[in-house]
Amino acid sequence: MKHIKLICLLASSMVVASCQKILEINPDEYIIRSETYYSTELQLETALLGVYAKLADDGLYANNMLGRMGLEADEGFCSYSADKGSVAYYAASPADVKILAYWKSLYEGINNANAVLDNINRPVMDEVKRDRIKGQALFLRAYYYFMLVNKFGDVPLILTQTISGDSDAVQIAKSPAKKVYDQVIVDMTIAADLVADADAVKSAGQVSKSAVWGILARVCLYMAGNPINDASKYAEAAKWAGKVISSGKHELNANYSQIFINYAQDLYDMKESIWEVEFWGNGLGAYNSTGGMVGRNNGIANTVDDNIGYSIGVIHPTAWLYNLYPANDLRRDWSIAPFAYSGDPATKVYWTTQTYYQRYAGKFRREYELLKPKSQSRTPQNFPLLRYSDVLLMYAEAVNEVSGPNDEIKDLVNSVRRRAFGKYLYGERVRTITVSNGGNNYTSAPTVYISGGGGTGATATAVISTTTGKVTSVTITDPGSFFSAAPTISFSGGGGTGAVASATISTFNEGDFDPADLDGQLAFRLSVRDERARELSFEALRKNDLVRWGLLMANMKTILLEVPSGTTVFATSAQFIYSNVANRDILWPIPSYEIGVNRKLVQNEGW
């Protein structure tokens, strides 16, 4: 929980920066390129905040990346009239304003990082603190290049500060993607030794060793896949992810939905959420530049009731994603909202038919925000960049690619599944109640008592036949929690006697993969790929996964076969997106504006 709100204020030429939260004021206020700047520890720390702050640009995680750039791929699609004809609809062009904003925000972040690194040795200060700042700046520069290279391929690699207005300094040709990736690895590897441990940073918005190791694993997996195809990087990915696991500083949150409620309520759970983009405030007054649009863009549509929270609800799931979840997987109805809002005050209207394409992504729910009043333009919700479950799945994927499945990675994958089935939250629950003798002479439904078995909270109701006076069935209304054995079922009242029923409880491994799904390298590979979709849906990772696996086109065209016909706005949006995707969409076009500024840039193939 944040104990310090906004205490970063500019006072003439001196910046007072004492923040627990990383991203709290306008990033442009942080970078001062005066020759007299960077001369004190405080100025260097303040400049570092400007490097972080670019993560929260509208061109990145504050707005466009939240459902408006096609990053959901086969798991979901954008349906929003303002985005037609753009990258969100797989109708990108070199003039696409969202692609330009993405490019510019990242290069601005890189230049901010370069400014810090160029001046890192100027102040007289504690060397450990200097190393901490250097490590964070190196990592963030590398992360920004990582975001560029996996979307554009070859890009200019700039490792020193560029002064605004120097037109000659920006005439830089593209570097091969492999060289950019190699630089990312170098910078992040150095950074890992310099930044603080996960339990020593102030918030999940601050880069820790675990964050660096986990993102290094991601970078290595991308390099192992398409288009670099350096299979040696699988072993490197396993090494880095393994360091996060072996650190002992992280564990899965028992409650999947609580992870996302925490983002809405500014609560940190750094054991699960290793790194996140931080937002603050409601877009009003002093907080007009510190909020994001998490939940506003990618939430459950609500344009009426400000008590619930305004949301344009741009992301809709595919039938494929919905059907990928097993019936008892608790993630399904959290990730894909089982209801829509209606009226003012809003009520939840639950879907009674399988209208998948009209549903909304449900992970980021504004109803849980505590800050009032709720703004229609900005939200205080944070956005995940790296979660522990992702680390476990990356480690399992990498080890499998190196040497095939073993018991360790099978158990890690199943641990993610067990959380999804509520095993850490509820333990074993009453699964069925079967009537073996309906008894006689019941004139009304008897009361059902569930006792014993070591658990608590289970309730049920009986149904009788008015013609035979027998109990015909028992409906579980609450399965309870933490049963160690089947409880006893008994009946009382209703005017009859003799009804007998027995219960069964769930088993610890009921959510585990079928052993056949993890038997052999290919089966394990396919299972982990699907599990990533279930676990990490709508977290802006899916398109990158499909690209590195070489599956983007095939999977998108498979979804097209499932898209319903008709003229509803949801159907027509999905029809357009999944029919329009082409091989060139693996990479985005270089923005035409940038080609006009940097005459050495060459457009990507197909654009």
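A quick note: this is a predicted structure, and the numbers were derived from the prediction, not measured.
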Side chain to side chain contact (heavy atoms under 4.5 Å, CB included) between Y360 and I315, worked out: CA-CA 6 Å; Y360 297 97; I315 305 179; over 6 Å; no
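- Every residue two or more places apart in sequence or in another chain that forms a side chain to side chain contact (heavy atoms under 4.5 Å, CB included) with K348 is listed here: F339, Y341, Y350, E367.
- Within the structure, every pair that satisfies the ring-ring contact (aromatic ring centres under 6.0 Å, His included) test and touches residues 58-77, not counting sequence neighbours, is listed here: Y61-F383, F77-H316, F77-Y357.
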Pair W103-I590, side chain to side chain contact (heavy atoms under 4.5 Å, CB included): steps then yes or no: CA-CA 8 Å; W103 175 284; I590 304 297; 3.6 Å; yes
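- L560 is not listed as a side-chain neighbour of I577, based on a closest heavy-atom distance of 4.5 Å or more.
- In K179, the NZ atom is not crowded: 12 or fewer heavy atoms of neighbouring residues, nucleotides or ligands sit closer than 6.0 Å.
- Considering CG of D333 and OG of S257, their distance stands at 11.0 Å, rounded to 0.5 Å.
- Taking the side-chain hydrogen bond (donor to acceptor under 3.5 Å, both in side chains) definition, one finds that S389 meets it with R387, E535, sequence neighbours left out.
- Rounding to the nearest 0.5 Å gives a distance of 5.0 Å between CG of D58 and CE of M293.
- For Y256, the side-chain hydrogen bond (donor to acceptor under 3.5 Å, both in side chains) test picks out K363, with sequence neighbours left out.
- Side-chain contact check for V180 versus D154: every heavy-atom pair is 4.5 Å or farther apart.
- Listed by chain and residue number, D83 satisfy the salt bridge (Lys or Arg N to Asp or Glu O under 4.0 Å) test with R68 (two or more places apart in sequence, or in another chain).
- Between atom NZ of residue K54 and atom CG of residue L106 there is a gap of 10.0 Å, rounded to the nearest 0.5 Å.
- D74 pairs by the salt bridge (Lys or Arg N to Asp or Glu O under 4.0 Å) definition with R542, not counting sequence neighbours.
- Pairs passing the ring-ring contact (aromatic ring centres under 6.0 Å, His included) check and including a residue from residues 521-557, sequence neighbours excluded, do not occur.
- Annotation: side chain to side chain donor-acceptor pair (under 3.5 Å) contacts involving residues 561-578, sequence neighbours excluded, comprise S79-S573, Y89-S573.
- Interatomic distance, L267 CG to Q258 CD, rounded to the nearest 0.5 Å: 7.0 Å.
- At least one side-chain heavy atom of I259 sits under 4.5 Å from a side-chain heavy atom of R419.
- Side-chain contact check for L386 versus R218: some heavy-atom pair is nearer than 4.5 Å.
- Remark: R532 pairs with D390, D545 by the salt bridge (Lys or Arg N to Asp or Glu O under 4.0 Å) rule, at least two apart or across chains.
- Every residue two or more places apart in sequence or in another chain that forms a salt bridge (Lys or Arg N to Asp or Glu O under 4.0 Å) with R417 is listed here: E531.
- Taking D306 as the reference, Y310, Q376 meet the side chain to side chain contact (heavy atoms under 4.5 Å, CB included) condition, with sequence neighbours excluded.
- Taking each heavy atom of V87 and D96 in turn, the nearest pair found is N-OD2, 2.7 Å.
- Applying the side chain to side chain contact (heavy atoms under 4.5 Å, CB included) rule to T558 yields no partners; only residues at least two apart in sequence or on another chain are considered.
- A ring-centre distance under 6.0 Å is found for Y102 and W588.
- The six-membered or imidazole ring of F260 lies away from that of Y368, with a centre-to-centre distance of 6.0 Å or more.
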